[in-house]
Number of protein chains: 2
Amino acid sequence: MELNDFLPYQLSVLSLKISKGIAAHYQDQFGINISEWRVLVILYKNPDITAKKIAQLSEMDKVRISRTLKTLVEKDYLTQQPHPLDARAKNYELNQRGKYLMRAVIPDALRYEEDLMSQLSTEEREQLQHLIGKFNRILG
Amino acid sequence: MELNDFLPYQLSVLSLKISKGIAAHYQDQFGINISEWRVLVILYKNPDITAKKIAQLSEMDKVRISRTLKTLVEKDYLTQQPHPLDARAKNYELNQRGKYLMRAVIPDALRYEEDLMSQLSTEEREQLQHLIGKFNRILG
DNA sequence: TATTAATTGTTTCAAATGAAACTATTTTGT
DNA sequence: ACAAAATAGTTTCATTTGAAACAATTAATA
């Protein structure tokens, strides 16, 4: 077996290649970074949730979530509200500007992915989805 | 739109999951981090190459390569030699300690991969290799 | 109820990162 | 040949990162 074929290495190189392009694009186009993008997407799908919940959904660190939320509030894309049952927590929600931003960003993201995926056959796309699912089950 | 379906996101989560486990293991077991591991593998397969070449092969930043090479020389795993045709560049090579380290690290890495891959069928393994190759061709 | 443990989220600190500036050398173009 | 541009690698500096410590609050238990 060749070390060039070492799977974790190949995967990380591939993933890095893909993220780099995306990060630059979002920064240029919308002035948001990858952390912000992820939090925004989660809040678009799950209005009125806490930082803890966002951390769970995104698989991101709680420190990073805390900072990202602070930035997004400062950039005026989110509103903060006290949590009704827990004074330690806050509920976050996209405001009008946030929703407007997402209605621009999401089609853009999907177009990027479609450009990439259109170069795979239907069969290859299915295989890819299957393999990602399988790895996630294996790795817990 | 589901964040969880967005391919670049899935790939980066997957790749991060795999790397984190490996990183901790290598740090504990051999005292090397992921950058060092990558550079070592490249030098194992490609003796006597320059920092630039390593950067190309690894898709890592030239600053990071420069620092990693410096560390590996300090840890006495590599030798540096002037490049015969270009006084700006240096050639790097594993020394005896470096080769010895790699002869310990590589079986360990392969065992890790084998544990992972053994959970895939032959067909799934072939699909995985095919897809990684295809993405690399698409992304250049 | 009082005390301890657990939790939510923030801040601190040290390490990792990479863009930009830099040095030294080589290549290109006239 | 010579000046300008490009390249290899390093250093500087500002940003990003997350572990650990922290404050505030809630839950658990005696």
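Computation of the quantities below employed the complete heavy-atom set of this structure, encompassing side-chain atoms and omitting hydrogens, waters and symmetry-equivalent molecules. Quick note on labels: first sequence line is chain A, next is B, and so on, each numbered from 1. In this text, all values refer to a predicted model and were calculated from it rather than measured experimentally.
Looking at residues 63-70 of chain A, you'll see A:V63, A:S66, A:R67 sit with a heavy atom under 4.0 Å from some atom of DNA chain C.
Between B:K53 and the phosphate of D:dA8, there is no side-chain N or O to OP1/OP2 separation shorter than 4.0 Å. Between A:K62 and the phosphate of C:dG9, there is no side-chain N or O to OP1/OP2 separation shorter than 4.0 Å. Contact annotation: A:K90 side-chain N/O to C:dT10 OP1/OP2 distance is under 4.0 Å.
Protein atom CZ of A:R38 is 15 Å distant from nucleotide atom P of D:dT16, rounded to whole Å. A straight line from CD of B:E36 to P of C:dT17 spans 10 Å, rounded to a whole angstrom. Going from atom NE2 of B:H83 over to atom C1' of C:dT25 covers 13 Å, rounded to whole Å. Rounded to an integer number of Å, the gap from A:M60 CE to C:dG9 C1' is 15 Å. To the nearest angstrom, P of D:dA6 lies 14 Å from NZ of B:K52. A:I49 has its CD1 atom 14 Å from the C1' atom of C:dT8, to the nearest Å. What separates CG of A:L85 from C1' of C:dT8 is a distance of 14 Å, to the nearest Å. Spacing between atom CD1 of A:I34 and atom P of C:dG18 amounts to 14 Å, rounded to whole angstrom units.
Within 6.0 Å of CD in B:E123 there are 12 or fewer heavy atoms belonging to other residues, nucleotides or ligands.
In this structure, B:Y112 has no ring-ring contact (aromatic ring centres under 6.0 Å, His included) partners at least two apart in sequence or on a different chain. Partners of A:R88 according to the salt bridge (charged side-chain N to carboxylate O under 4.0 Å, His left out) rule, which considers only residues two or more places apart in sequence or in another chain, are A:D86. Listed by chain and number, the residues in a side chain to side chain donor-acceptor pair (under 3.5 Å) with A:S35 are A:R64 (sequence neighbours excluded). The salt bridge (charged side-chain N to carboxylate O under 4.0 Å, His left out) search around A:K70 returns none, not counting sequence neighbours. When the ring-ring contact (aromatic ring centres under 6.0 Å, His included) test is applied to B:Y26, the partners found at least two apart in sequence or on another chain are B:W37.
Looking at A:R88, its side chain has no donor and acceptor atom pair within 3.5 Å of the base of C:dT8.
Ranked by how close their nearest DNA chain D nucleotide is to the 5' end, A:N33 and B:A51 are led by B:A51. Across the interface with DNA chain D, nearest-nucleotide mapping of A:D61 and B:A89 shows B:A89 to be the residue nearer the 5′ end.
Looking at the side chain of B:A87, the nearest of the listed nucleotides C:dT26, D:dT26, D:dG9 is C:dT26.
Nearest approach of A:E124 to A:Q119, heavy atoms of both residues: OE1-O, 4.3 Å.
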